[in-house]
Amino acid sequence: MKRVDYFVTVIGVLLLGTGLYLVKTIESAQGILLTLPYVLVGVGCGVFGYGMSNIISKKAIAKDASLQKRLAVEQNDERNIAIANKAKAKAYDLMTYVFGMLMLTFALMNVDLTATLLLVAAYLFVHIYGIFYRVKYEKEM
Amino acid sequence: MKNRLEELRKARGIKQEELADAMEVSRQTIGSLENGRYNPSILLAFKLAKYFGMSIEDIFIYEEDSE
């Protein structure tokens, strides 16, 4: 896992570096190049932060066996897992209505059809994913 | 669901932290179990019963209208 963290951190730095380089060098940007450098900077910062925080937190607990055990217990604690799953289920239920309202608003605002259809596709994908897992668990449980 | 966890734990002079360590759960889980706010999984119920050397029915009290 340590290797993955270092790999992710390096990828973050590369994305960030590429983004900054493009911001500095491209003078008359058009089309996708208008936003791509800034997207790269944003994603690079996020990926770098994620990788770096993993490295630092793992280093911090590496020498403390009792802390490692306590963290493992907290992560695998059945009540914590139940709480996290319940919270996720609540958020998913809310998302159904929020996205539904958003799609309706987009349609009424005459927003570009591509954007509206992409949102509808994402909405349907998430719900089909939910149905897939419901069927899967019906068979397994 | 009501239970006798707190009574049994105190009778044996065990701290919540010690019971939590033995069950490999957090101290908050033991606290919630004792308050009756959280019902354990069947595996945790068996672990607790084994730890106290009793049956699950001796620790957890099932009431028909508690649901």
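To find a chain, count down the sequence lines: A is the first, B the second, and so on, and within it residues start at 1. Both backbone and side-chain heavy atoms feed into the values below; hydrogens, waters and symmetry mates do not.
If you chain together hydrophobic residues whose side chains sit under 4.5 Å apart, A:Leu15 and A:Tyr50 fall into the same group. Under the 4.5 Å side-chain heavy-atom criterion for grouping Ile, Leu, Val, Met, Phe, Trp and Tyr, B:Ile42 is connected to B:Ile30 within one hydrophobic cluster. Linking Ile, Leu, Val, Met, Phe, Trp and Tyr residues whenever their side-chain heavy atoms come within less than 4.5 Å places A:Leu40 and A:Val43 in a single cluster.
Expressed to the nearest 0.5 Å, how far CG of B:Leu33 lies from CZ of A:Arg79 amounts to 8.5 Å. The structure places CD1 of A:Ile83 at 7.5 Å from OG1 of B:Thr29, a figure rounded to the nearest 0.5 Å. Taking CD of A:Glu78 as the reference point, atom CD of B:Glu24 lies at 12.0 Å (rounded to 0.5 Å).
With no hydrogens or angles considered, no side-chain donor-acceptor pair links B:Ser26 and A:Glu74 at under 3.5 Å.
Shown here is B:Phe60, whose CZ atom has more than 12 heavy atoms of other residues, nucleotides or ligands within 6.0 Å. Heavy-atom contacts from other residues, nucleotides or ligands closer than 6.0 Å to CD1 of A:Ile32 number 12 or fewer. Atom CE of A:Met103 has more than 12 neighbouring heavy atoms from other residues, nucleotides or ligands inside a 6.0 Å radius. Within 6.0 Å of atom OH in A:Tyr92, more than 12 heavy atoms from other residues, nucleotides or ligands are found, so the atom counts as buried in its surroundings. Atom OH of A:Tyr123 sits in a crowded spot, with more than 12 heavy atoms from other residues, nucleotides or ligands closer than 6.0 Å.
Residues of residues 5-19 of chain B lying under 4.5 angstrom from chain A, judged on non-hydrogen atoms, do not exist.
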